[in-house]
Structure formats: structure tokens, C-alpha cells
Amino acid sequence: MARWLEELRGHADKNIVIMLIANKCDLGSLRAVPVEDAQEFAERENLFFMETSALQSTNVEGAFMTVLTEIYKIISKNKLIAAPGSDYGKLQSLKGTRIIVPGQDSDSGGNSGGCCMSS
């Protein structure tokens, strides 16, 4: 994993979002790597970590939402940095942008992530 991560970081954009996903959490008895070891590695390497089960749909959407939210944060931050001295209220590309979470009231004002970006 460390070698793959080093190669990825060496060839990808510096703003890449990387997540370590432990799949098949529904097969805990067949686990090859203890969760604690995976979490420790993720923390040490500054990665997001989540256990998933595609079979049971456990955390699959959550994993995508986490990555999407972090990408959105990076892009939004870069747009603000790219326009130094600008009136932030005039940045049309950020005005009214929000992430909508399916199944939540869109008027609730929550910012817990979502699957779609909307303007």
C-alpha cells in the first residue's frame, strides 16, 4: 500500500483526494487486515478511511459522498485563492452552490454532504 500511495502521489495532482476503503466488511470473520491497522495507516498517511460492503450497501454512498465533499471543498477554496482581492460576493461560480443530500429536506440548511451539486 505504501508503495502504491507513493506512486499515486508522485504522478497525481497535489490536490488529489485519496480514500482508503476496506471493502467486504460483511465478511468480518475473513478479515485479512485488522481495522485498527487500516485506520492507523490511513491516519499516518493523511487518508480518509471507511469500511464498506457492496453486497449490503454499507457505507458505499457515504464513501462517494465523503470524496465528493472533499473535492468540492478543494475546488471552492482554489476558486477563492485564484481571485485575490476580489469581492467574494461577486464570485458567480460559487454563488448559490450547495450540495444536496438525498432524503433530506433541502430547506434544512444542513451541510453534511450530498450526491449532487446544484446552483
Side-chain angles (χ1 to χ4, degrees):
M1 284 290 304
R3 191 191 82 207
W4 290 340
L5 189 57
E6 181 181 338
E7 189 173 322
L8 177 63
R9 287 178 171 152
H11 291 79
D13 185 87
K14 66 178 182 162
N15 291 319
I16 190 170
V17 176
I18 305 172
M19 176 178 251
L20 177 62
I21 297 179
N23 193 23
K24 302 193 181 292
C25 69
D26 55 304
L27 301 175
S29 61
L30 300 175
R31 186 180 302 272
V33 178
V35 176
E36 296 79 17
D37 290 353
Q39 286 175 327
E40 182 181 303
F41 178 80
E43 286 179 27
R44 185 173 59 244
E45 295 295 333
N46 199 27
L47 308 174
F48 293 94
F49 173 78
M50 191 173 291
E51 285 194 296
T52 65
S53 168
L55 179 67
Q56 297 177 340
S57 296
T58 304
N59 289 333
V60 174
E61 185 175 341
F64 281 103
M65 302 315 290
T66 299
V67 171
L68 176 65
T69 301
E70 291 306 312
I71 291 169
Y72 177 78
K73 286 179 186 177
I74 289 169
I75 290 171
S76 296
K77 180 180 175 184
N78 286 344
K79 285 182 180 179
L80 290 175
I81 291 171
S86 296
D87 180 2
Y88 293 117
K90 293 182 180 177
L91 288 177
Q92 295 299 318
S93 61
L94 294 178
K95 184 178 179 184
T97 303
R98 60 188 169 151
I99 298 176
I100 300 170
V101 178
Q104 287 189 355
D105 181 6
S106 62
D107 294 331
S108 65
N111 57 0
S112 60
C115 76
C116 308
M117 285 189 279
S118 159
S119 297

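- Both M50 and F48 belong to a single network of hydrophobic side chains, linked directly or stepwise wherever heavy atoms of I, L, V, M, F, W or Y lie under 4.5 Å apart.
- By the 4.5 Å side-chain criterion applied to Ile, Leu, Val, Met, Phe, Trp and Tyr, L27 is assigned to a cluster that also includes L30.
- For the pair W4 and M1, the minimum side-chain heavy-atom distance is below 4.5 Å.
- Side-chain heavy atoms closer than 4.5 Å link hydrophobic residues (I, L, V, M, F, W, Y) into clusters, and following such links, even through other members, never connects L68 to I18.
- Counting only heavy atoms from C-beta outward, the side chains of L5 and F41 approach each other to under 4.5 Å.
- For the salt bridge (charged side-chain N to carboxylate O under 4.0 Å, His left out) condition, the pairs that include at least one residue of residues 1-25, sequence neighbours left out, are R9-E45.
- Partner of S53 under the side chain to side chain donor-acceptor pair (under 3.5 Å) criterion, chosen from N23, D26, T58: D26.
- Under the 4.5 Å side-chain heavy-atom criterion for Ile, Leu, Val, Met, Phe, Trp and Tyr, V67 and I74 are members of the same hydrophobic cluster.
- L20 and V33 fall into different hydrophobic clusters, defined by Ile, Leu, Val, Met, Phe, Trp and Tyr side-chain heavy atoms under 4.5 Å apart, directly or through other members.
- Around the CG atom of N46, the shell of radius 6.0 Å holds no more than 12 heavy atoms that belong to other residues, nucleotides or ligands.
- Every residue two or more places apart in sequence or in another chain that forms a side-chain contact (heavy atoms from CB on, under 4.5 Å) with V35 is listed here: R31, Q39, F49, E51.
- Contact check for E40 versus E36: no side-chain heavy atoms found under the 4.5 Å cut-off.
- Under the 4.5 Å side-chain contact rule for hydrophobic residues, L47 and M19 do not share a cluster.
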